Number of protein chains: 2
Amino acid sequence: MDKYESLKLDNQLCFPLYAAGKEVVRKYHALLDELGLTYTQYITLMVLWETDGVSVKDLGGRLLLDSGTLTPLLKSLEKKGFVTRRRGDADERMVFVYLTEEGLALRDRAVGIPPRIAECVNLTREEAKTLYSLLNKLISGLTGE
Amino acid sequence: MDKYESLKLDNQLCFPLYAAGKEVVRKYHALLDELGLTYTQYITLMVLWETDGVSVKDLGGRLLLDSGTLTPLLKSLEKKGFVTRRRGDADERMVFVYLTEEGLALRDRAVGIPPRIAECVNLTREEAKTLYSLLNKLISGLTGE
DNA sequence: TTCAATTAAATTGCGTACAATCTAATTGAA
DNA sequence: TTCAATTAGATTGTACGCAATTTAATTGAA
């Protein structure tokens, strides 16, 4: 019995979590390069494609990112011409993010990305579903409560 | 039928992967602060606690990190007095990393970390095992071949 | 009404990640 | 043997990611 057993990399659940997250993002980067996007910019646009005109706070809640990450990222997306930012009228503390025409048009090119990522995922449909729900359960435990 | 269905955040496996990896590392940071370590430094020491005197290349292979990440990280661990680095004799291109007494001693304080992380993981033993093996399968698909 | 507490973003500082490039050591086929 | 190709690590530049702090707007209890 090794008193340090729990400190072995192979016995840790967290390391494959960390590594898988990292490798997935890396896979995306090669594909997203063609669109001039980083992974974080891409998921930010995904939220906007679903719901345009979201506040920075709501974006952060959806993506689990804070303003320290989002503010420079949104400025970068703005400089590329994909979004605009506007202070709220009712509450001037808030900043809302809107897609430009170019940002909206990018969606048609982005639809090609998910299937190409799917090719790299060597899991059955069933395994992917299991993984998906376990991850979401884990995330709710880590963030909520 | 929405032609953009695949671009919804909730339909993507990769987002929870990215988010879970991020949140896990964040959980660690609070605990590791007490040891004066970051998460990446911690997993680097985990490898060394198992096998002292590893080359930078082998460390990278184990942790899926390249020299661009490891070199400054190892210099930082060296400055804190936890490791030393030495060029190989047989092959001077290689650099080997060794634990100092302090670095080895840190292991006794680090054993307290895994159980405290486990408290935050709201999965059954069975679920954790399933998640672990699915993640490793996914990683091998993303990295290998 | 008022002002202390709260809230939303922005800013600052540090530590990853990684692609791309560079340098020096080693290898191996002609 | 030799030198082109490979290899290991270091360096450079860009983009997160987040804790901590700051600024400005809003809220709410006395």
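Because only heavy atoms are used, hydrogens play no part in the values below, and waters and symmetry mates are left out as well, while side chains stay in. Just so it is clear: chains get the letters A, B, ... in the order the sequence lines come, proteins before strands, and each one is counted from 1. Every value quoted in this text rests on a predicted model; they were computed, and no experiment measured them.
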If you check every side-chain atom of [X], which of [options] has the closest atom?
X: Asp66(B); options: dA19(C), dT26(D), dA19(D); answer: dA19(C)
X: Ser55(A); options: dT11(D), dA9(C), dA17(C); answer: dA9(C)
X: Lys57(A); options: dA8(C), dA10(C), dT16(C); answer: dA8(C)
X: Tyr18(B); options: dT26(D), dG17(D), dC18(C); answer: dG17(D)
X: Thr71(B); options: dA17(C), dA10(D), dT16(C); answer: dA10(D)
X: Leu73(A); options: dC18(C), dA10(D), dC16(D); answer: dC16(D)
X: Asp91(B); options: dT16(C), dA10(C), dT26(C); answer: dT26(C)
X: Met94(B); options: dA8(D), dC18(D), dT11(C); answer: dA8(D)
X: Glu92(B); options: dG9(D), dT16(C), dA25(C); answer: dA25(C)

Looking at every strand, decide which applies to [X] at a 4.0 Å heavy-atom threshold: base, sugar-phosphate, or nothing.
X: Ala30(A); result: nothing
X: Ser67(B); result: base
X: Leu64(A); result: sugar-phosphate
X: Thr69(A); result: base

Legend entry - Side chain Arg93(A) and base dT7(C) donor-acceptor under 3.5 Å: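 Side chain to base: pair present.
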Legend entry - Residue mapping more 5' on DNA chain C - nearest nucleotide basis, Thr38(B) or His29(A):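 Residue closer to the 5' terminus by nearest nucleotide: Thr38(B).
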Inset, instruction - Would you kindly compare Phe96(A) and Pro72(B) by the position of their nearest DNA chain C nucleotide and give the one closer to the 5′ end? - result: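 Nearest-nucleotide comparison on DNA chain C picks Phe96(A).
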Inset, instruction - May I ask you to verify if any side-chain N or O of Thr40(A) is less than 4.0 angstrom from the OP1 or OP2 atom of dA15(D)? - result: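 Negative; the distance criterion is not met.
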Legend entry - side-chain N/O Arg26(B) vs dG15(C) OP1/OP2, d < 4.0 Å: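 False: Arg26(B) side-chain N/O out of range (4.0 Å or more) of dG15(C) OP1/OP2.
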Legend entry - Opposite nucleotide pairing with dT6(C), Watson-Crick or G-U, both atom distances under 3.5 Å: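 Here dT6(C) is engaged in a pair, and the nucleotide opposite it is dA25(D).
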Legend entry - Counterpart base for dT12(C), defined by Watson-Crick or G-U wobble contacts under 3.5 Å: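 Pairing partner, where one exists within any strand: dA19(D).
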Legend entry - Gap between atoms CG and C1', on Leu37(A) and dA15(D) respectively (whole Å):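 Rounding to the nearest Å, CG of Leu37(A) and C1' of dA15(D) are 13 Å apart.
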Inset, instruction - For residues Met46(A) and Leu7(B), report the shortest heavy-atom separation together with the two atoms involved. - result: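 Closest pair (atom of Met46(A), atom of Leu7(B), distance): CE-O, 2.8 Å.
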